[in-house]
Amino acid sequence: MKTVALVAPAGPVAPERLERALSVLGSWGLRVRNLVKPGSRHASYLADTDAARAELFTEAWLDPEVDAVLAARGGYGTQRMLDLLDWPALRGAGAKVFAGSSDVTALHAAIHQHLGLPTLFSPMPAGDYWDDAGGAGLRRALFEPGPVTLPGTEALVAGAARGRLTGGNLSLLASSVGTPEQGGARDAIVVLEDVTEPVYRLDRMLTQLLRSGWFAGVAGIVLGTWTQCGGPGQVRALMLDRLAPLGVPVLAGVPFGHVEGSLTVPLGVEAVLETEALRVVTGAA
């Protein structure tokens, strides 16, 4: 891992946050190609126009010197640019690493669908919840890729499962139902997290995914953090109510999502979920 490109596929990046991101990545010994315009915004909540964000993402991906493309932060807007990307051209650039989370969930799904590449659901260096611990996990994933163990705290539904890891931010998954990239969770282990969503809205999103058939054939479910989403007991009761009837293992309390010290979760890779051991292990044969 030598060169990374920093992009803003969603919300605007404050100059001081961009400075922090560039400083951190540089301290890791990386060459950073910055494709984020500090302070730039469009319609108050986008980093730039859809066309400009798509163009800069494409520029980053097609650069032969770039090994990985990192989202600076989330926010909103990633979905708006997906139809402007030239997926055959991106495919021709070969394999790259992509990392980010939150609103960027939409881009993870698109990369899996159109390019067939694994990605990293990770903390973002200009994001609200970035800290040294979360950054260390992303750094390891970039410099020392390999099997990882994701620990949980509670088995809501006991059992074991095997499948590729998919999912991400619940809000984005629900709002992407019916789009070209949003297939389904058949034979997959789904990871879910969210932030600042009241329990009734989490209920609505899960119900949307259930009624649309997105969960059909799912192998297992891994629940991350639900920061500012209501009382833990309420969230737990909701997950049991909506997900336990699927009859698959459900592991809760894995520390990834909108939280300091978030784990970096590889998506699109094979994994084993073992609720007895309270863990998910990737790279299992």
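Numbers for residues simply follow the sequence, beginning at 1.
Listed here is the closest heavy atom pair of A71 and V104: CB-CG2, 3.9 Å. Of all the heavy atoms in A47 and G11, the pair that sits closest is CB-O, 3.4 Å.
Of the possible donor and acceptor atoms, one in the side chain of D131 sits under 3.5 Å from a partner among the backbone N and O of G261. A distance-only check finds a donor-acceptor pair linking the side chain of W226 to the backbone of G224 [under 3.5 Å]. D194 places a side-chain N or O within 3.5 Å of a backbone atom of S171 that can act as its donor or acceptor partner. In terms of modelled atom types and a separation under 3.5 Å, the side chain of R73 and the main chain of A126 share no donor-acceptor contact. Of the possible donor and acceptor atoms, none in the side chain of R20 sits under 3.5 Å from a partner among the backbone N and O of W130. A distance-only check finds no donor-acceptor pair linking the side chain of T3 to the backbone of D67 [under 3.5 Å]. Of the possible donor and acceptor atoms, none in the side chain of S176 sits under 3.5 Å from a partner among the backbone N and O of T179. A distance-only check finds no donor-acceptor pair linking the side chain of S262 to the backbone of V259 [under 3.5 Å]. A donor-acceptor pair is defined here as one N or O able to donate and one able to accept, closer than 3.5 Å; no such pair exists between the side chain of K96 and the backbone of V69. Of the possible polar contacts, none joining the T227 side chain to the V195 backbone as a donor-acceptor pair under 3.5 Å is found.
If you chain together hydrophobic residues whose side chains sit under 4.5 Å apart, L173 and L202 fall into the same group. Under the 4.5 Å side-chain heavy-atom criterion for Ile, Leu, Val, Met, Phe, Trp and Tyr, L238 and L243 are members of the same hydrophobic cluster. Note on V97: it does not cluster hydrophobically with W87, by side-chain heavy-atom contacts below 4.5 Å among ILVMFWY residues.
More than 12 heavy-atom neighbours from other residues, nucleotides or ligands sit within 6.0 angstrom of CZ on R91. In this structure, E154 places its CD atom where more than 12 heavy-atom neighbours from other residues, nucleotides or ligands lie under 6.0 Å away.
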Which pairs would a plain distance check flag for residues 111-120, meaning a side-chain donor or acceptor within less than 3.5 Å of a matching protein atom at least two apart in sequence or in another chain?
{"unit_1": "H112", "atom_1": "ND1", "unit_2": "H108", "atom_2": "O", "d": "3.3"}
{"unit_1": "H112", "atom_1": "NE2", "unit_2": "T119", "atom_2": "OG1", "d": "2.8"}
{"unit_1": "H114", "atom_1": "NE2", "unit_2": "E181", "atom_2": "OE2", "d": "3.2"}
{"unit_1": "T119", "atom_1": "OG1", "unit_2": "H108", "atom_2": "ND1", "d": "2.7"}

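Here L192 contributes atom CG and T225 contributes atom OG1; the two are 11.5 Å apart, rounded to the nearest 0.5 Å.
Side chains of F57 and L85 form a contact here, defined as non-hydrogen atoms less than 4.5 Å apart.
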